[in-house]
Amino acid sequence: MNKTVGQLLVVGLEGKQITPEVKELINTYHVGGIILFSRNIGTPAEVLKLTTDLQKEAKKAGYRYPLLICVDQENGIVRRLGEGTTIFPGAMALGATEDINNAYNIGFATGKELLSLGINWNLAPVLDVNNNPENPVIGVRSFGESAEKVAQYGRKTMKGMQEAGVITTLKHFPGHGDTNMDSHLDLPIISHDLQRLEEVELKPFKECIEAGADTVMTAHIYFPAIESTEGLPATLSKKVITDLLRKKLLFNGVVTTDCMEMDAISKTIGTEKGAVAAVKAGADFVMISHTFERQKGAIKEIIKAIDSDEIDINYILEANERIENLKRKYLDWDKINFDDIRVPANVGSNEHKGIATEVYQNSTTIVKNSGLLPLDTNSKVLVIFPESSVMVRIEDESSTKFNLGEAILQFHPFAAVEQIDNMISTDKINEIASKAKQYDSIIIGTLNISAESSQLKLIKKLMEINDSVIVVAMRSPYALAYFPGVPVYISTYEFTPPALKIAAGAIFGKKEANGKLPITIQN
């Protein structure tokens with residue numbers, strides 16, 4: 001029973017080497033999958049060594065098929081692979097190219113690098129339609145605000161990764177786009193009626209399921225139009241998973257939960273009890289990404305629920321069969337070389353970098369240029385950018401190590417550079433404004449802007465004293481709504497080094513930036 005139930009779990013581990021805890025989960029419980037985070041990712045050689053060691057342990061434990069090893073490699077602001085791998089553009093950057101072939105090509109190249117490092121399952125693409133500018137957790141992780149566009153680009157990305165031999169995941173079902181809350185921290189509610197959900201939120205999922213989806217990830221969001229039990233998130237809802245996803249949308253692949261340690265679950269029903277509820281609702285995989293005791297505790301709770309007839313054992317057997325079918329389709333022990341652990345040449349290759357660079361040139365968007373660009377490299381330029389920090393838990397900290405100042409200095413070595421805190425005091429605003437009077441042009445980078453943000457006050461102050469203010473939106477493209485009179489506005493959709501370099505080059509006329517906004521900016 002331990003092994004039958006254990007296969008329903010996807011678990012995380014600490015560090016860059018196999019741990020005693022994960023060995024126990026593999027040998028005693030036969031967990032179905034492992035999820036890797038930035039904490040597990042070192043050099044490509046270290047990643048391949050870790051995934052190979054995990055597979056060695058699974059083979060020794062008698063697994064029929066290799067372990068599923070997954071990662072959130074959405075690209076853009078959510079990427080787990082680190083130094084030595086190719087930095088690929090994220091979803092909204094792809095949407096900004098207005099070329100659907102880019103979605104396939106980036107999906108394929110991403111899949112090739114993942115598989116080369118022993119990662120056979122990607123938790124992507126994101127199919128959330130970002131039609132809420134205030135969404136704190138999806139935003140640029142979405143291909144755009146149009147359900148049709150998200151469906152098309154999502155399908156092409158999925159097909160690219162599948163063609164590369166990697167399992168894909170549609171997320172976050174039934175849709176996380178129209179929320180203004182992060183489900184890592186609380187339980188969002190989407191109150192639209194069923195007709196609206198079918199026209200917008202569900203459309204990308206329906207089309208990608210019909211195109212051959214592998215797995216679907218559920219969202220920790222409450223949809224009152226679908227689930228009558230107040231406050232019950234989709235992850236725990238039989239009406240969402242079994243009735244809507246399985247019966248109405250005819251999805252017969254594997255359903256995985258999002259992480260059950262997110263606050264929307266762990267601080268309400270609890271991770272272990274939530275695991276039982278998710279299985280009863282129809283989930284195949286229960287994802288518990290961080291805590292060993294919760295991982296073991298969830299298995300014990302599910303076994304207890306089977307013994308007390310709270311869960312029908314047939315649910316477990318059917319879930320096991322779906323998981324085995326998925327493994328049979330993609331995984332084979334003969335594909336793993338245990339004797340020669342060398343990183344293939346395609347990882348971080350010039351070919352992949354070239355593909356990514358071309359897409360970045362066609363995604364970076366000069367939304368507005370009132371005749372100021374290109375700037376003269378002999379002019380006096382001040383560059384201001386916020387401290388490098390991720391905005392929500394899912395984002396990757398390694399993406400923030402390169403900043404806008406460094407990018408500008410590659411094209412204008414004598415530019416003055418000033419990093420500011422995310423929260424700026426009035427005194428600091430006045431100090432910067434006074435300094436700005438000495439310069440011909442001001443380049444200022446933004447991540448997220450709100451009506452109350454101190455950075456908005458700084459930008460408005462700079463616009464009062466300098467006619468040449470250039471805003472580079474390094475994450476959310478919606479910021480222009482707060483200062484529509486700014487002379488120049490450039491959107492990169494992400495703060496990755498290639499995106500910032502293209503934007504910096506475009507400011508000085510050294511790089512092309514051909515993107516088009518995939519969303520609407522309203523005042």
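Note that the numbering runs from 1 along the sequence shown for the chain. Since the model is a prediction, treat every value here as computed from it, not as a measurement.
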Acceptor/donor pairs from residues 409-416 side chains to any protein atom, 3.5 angstrom cut, sequence neighbours excluded:
unit_1: H412; atom_1: ND1; unit_2: F414; atom_2: N; d: 3.4
unit_1: H412; atom_1: ND1; unit_2: A415; atom_2: N; d: 3.4
unit_1: H412; atom_1: NE2; unit_2: T377; atom_2: O; d: 3.1
unit_1: H412; atom_1: NE2; unit_2: S379; atom_2: O; d: 2.7

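Between I465 and A436 the shortest heavy-atom distance is CD1-CB, 4.0 Å. Residue I41 comes nearest to G82 through the heavy atom pair CG2-N, 3.7 Å, listed as atom of the first residue, atom of the second, then distance. Taking both residues in full, the closest heavy atoms of P233 and I265 are given as CG-CD1, 3.9 Å, listed atom of the first, atom of the second, then distance. Residues V240 and A234 come closest through the heavy atom pair CG1-CB, 3.8 Å. Counting all heavy atoms, side chain and backbone alike, A124 lies closest to M161 at O-CE, 3.6 Å. Of all non-hydrogen atoms in A275 and A298, the two that sit nearest each other are CB-CB, 3.8 Å.
In this structure, the side chain of S434 does not engage the main chain of N430 through any donor-acceptor pair within 3.5 Å. No donor-acceptor pair closer than 3.5 Å links the side chain of T365 to the backbone N or O of V367. Counting only distance, with no hydrogens or angles, the side chain of K156 and the backbone of A151 share no donor-acceptor pair below 3.5 Å. The closest donor-acceptor contact from the side chain of Q361 to the backbone of A513 lies at 3.5 Å or more, if one exists at all. Using modelled atom types, one side-chain atom of T43 and one backbone atom of E46 make a donor-acceptor pair closer than 3.5 Å. Judged by distance alone, the side chain of Q295 and the main-chain N or O of G12 form a donor-acceptor pair under 3.5 Å. Side-chain N or O atoms of D263 include none that pairs as donor or acceptor with a backbone N or O of K267 at under 3.5 Å. Within the 3.5 Å criterion, the main-chain N or O of V200 finds no donor-acceptor partner in the side chain of H192. Between the T51 side chain and the L48 main chain, a donor and an acceptor come within less than 3.5 Å of each other. The backbone N or O of G348 sits less than 3.5 Å from a side-chain atom of E113, completing a donor-acceptor pair.
A salt bridge between E14 and R39 is present, with a side-chain N of the basic residue lying under 4.0 Å from a carboxylate O of the acidic one. The pair K428-E418 meets the salt-bridge criterion, with a side-chain N (NZ, NE, NH1 or NH2) lying under 4.0 Å from an Asp/Glu carboxylate O. Salt bridge absent: R475 and E494 never bring a charged side-chain N and a carboxylate O closer than 4.0 Å. Between E74 and K171, at least one side-chain N (NZ, or NE/NH1/NH2) sits under 4.0 Å from a carboxylate O, which counts as a salt bridge. Ion pairing of E406 with K501 is absent here, as no side-chain N (NZ or NE/NH1/NH2) approaches a carboxylate O to less than 4.0 Å.
Here the CD1 atom belonging to I100 is positioned 6.0 Å from the CZ atom belonging to R155, to the nearest 0.5 angstrom. Atoms CG and CD1, on L500 and I490 in that order, are 11.0 Å from each other to the nearest 0.5 Å. Atom-to-atom distance recorded for L232:CG and I221:CD1 is 13.0 Å, nearest 0.5 angstrom. Separation of atoms CG (N122) and SG (C70) is listed at 8.5 Å; rounding is to 0.5 Å. Taking CG from L127 and CG from L170, the interatomic distance works out to 5.0 Å, rounded to the nearest 0.5 Å. Annotation: the span from R80 atom CZ to T85 atom OG1 amounts to 12.5 Å, rounded to 0.5 Å.
Across I384, L404, L458, I459, a single residue satisfies side-chain contact (heavy atoms from CB on, under 4.5 Å) together with T446, and that is I459.
Side-chain contact between I87 and L81 is absent, with no heavy-atom pair separated by less than 4.5 Å. With a 4.5 Å cut-off on side-chain heavy atoms, L517 and P477 count as touching. Side-chain atoms of E145 and T520, non-hydrogen and from C-beta on, do get closer than 4.5 Å to each other. At least one side-chain heavy atom of F495 sits less than 4.5 Å from a side-chain heavy atom of I77. The shortest side-chain heavy-atom distance between I34 and L68 does not fall under the 4.5 Å cut-off. By the 4.5 Å heavy-atom criterion applied to side chains, F143 and L94 are counted as neighbours. Between L480 and V486 the shortest side-chain heavy-atom distance falls below 4.5 Å. In this structure, the side chains of I507 and V472 come closer than 4.5 Å at one or more pairs of heavy atoms.
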### Task
Kindly indicate, with the supporting measurements, whether the criterion side chain to side chain contact (heavy atoms under 4.5 Å, CB included) is fulfilled by H172 and D258.
CA-CA 8 Å; H172 307 80; D258 206 339; 3.5 Å; yes
### Message
Let's go through L13 and E21 carefully: what are the C-alpha distance in whole Å and the side-chain angles of both, what is the deciding distance for side chain to side chain contact (heavy atoms under 4.5 Å, CB included) to 0.1 Å, and is it a yes or a no?
### Response
CA-CA 8 Å; L13 70 155; E21 291 81 8; over 6 Å; no
### Task
Check the pair D99 / Y104 against side chain to side chain donor-acceptor pair (under 3.5 Å), numbers first and verdict last.
CA-CA 10 Å; D99 183 349; Y104 178 88; over 6 Å; no
### Task
For L375 and I443, run side chain to side chain contact (heavy atoms under 4.5 Å, CB included): C-alpha distance rounded to whole Å, both residues' side-chain angles, the deciding distance at 0.1 Å, then the answer.
CA-CA 11 Å; L375 293 187; I443 301 170; 4.3 Å; yes
### Task
I would like to know whether T256 and T215 meet side chain to side chain donor-acceptor pair (under 3.5 Å); could you show each step before the answer?
CA-CA 7 Å; T256 180; T215 76; over 6 Å; no
### Message
Is there a side chain to side chain contact (heavy atoms under 4.5 Å, CB included) between N448 and Q455? Walk through the geometry before answering.
### Response
CA-CA 9 Å; N448 272 18; Q455 196 176 1; over 6 Å; no
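A 6.0 Å sphere centred on NZ of K380 holds more than 12 heavy atoms belonging to other residues, nucleotides or ligands. Within a 6.0 Å sphere centred on NZ of K49, other residues, nucleotides and ligands contribute 12 heavy atoms or fewer. More than 12 heavy atoms of other residues, nucleotides or ligands sit less than 6.0 Å from atom NZ of K435. With a 6.0 Å radius and a threshold of 12 heavy atoms from other residues, nucleotides or ligands, Q438 has its CD atom above the threshold.
Considering only residues two or more places apart in sequence or on other chains, F173 meets the ring-ring contact (aromatic ring centres under 6.0 Å, His included) condition with F205. Applying the salt bridge (Lys or Arg N to Asp or Glu O under 4.0 Å) criterion to E293, with sequence neighbours excluded, gives no partner residue. Listed by chain and number, the residues in a salt bridge (Lys or Arg N to Asp or Glu O under 4.0 Å) with K112 amount to none (sequence neighbours excluded). Residues satisfying the ring-ring contact (aromatic ring centres under 6.0 Å, His included) test with F483, not counting sequence neighbours, are none. Taking Y489 as the reference, nothing meets the ring-ring contact (aromatic ring centres under 6.0 Å, His included) condition, with sequence neighbours excluded.
Looking at D128 and S142, their side chains never bring a donor and an acceptor atom within 3.5 Å of each other. Using modelled atom types, one finds no donor on one side chain facing an acceptor on the other under 3.5 Å when comparing S289 with E261.
Taking the six-membered ring where the residue is Trp, the centroids of F37 and H290 are separated by under 6.0 Å.
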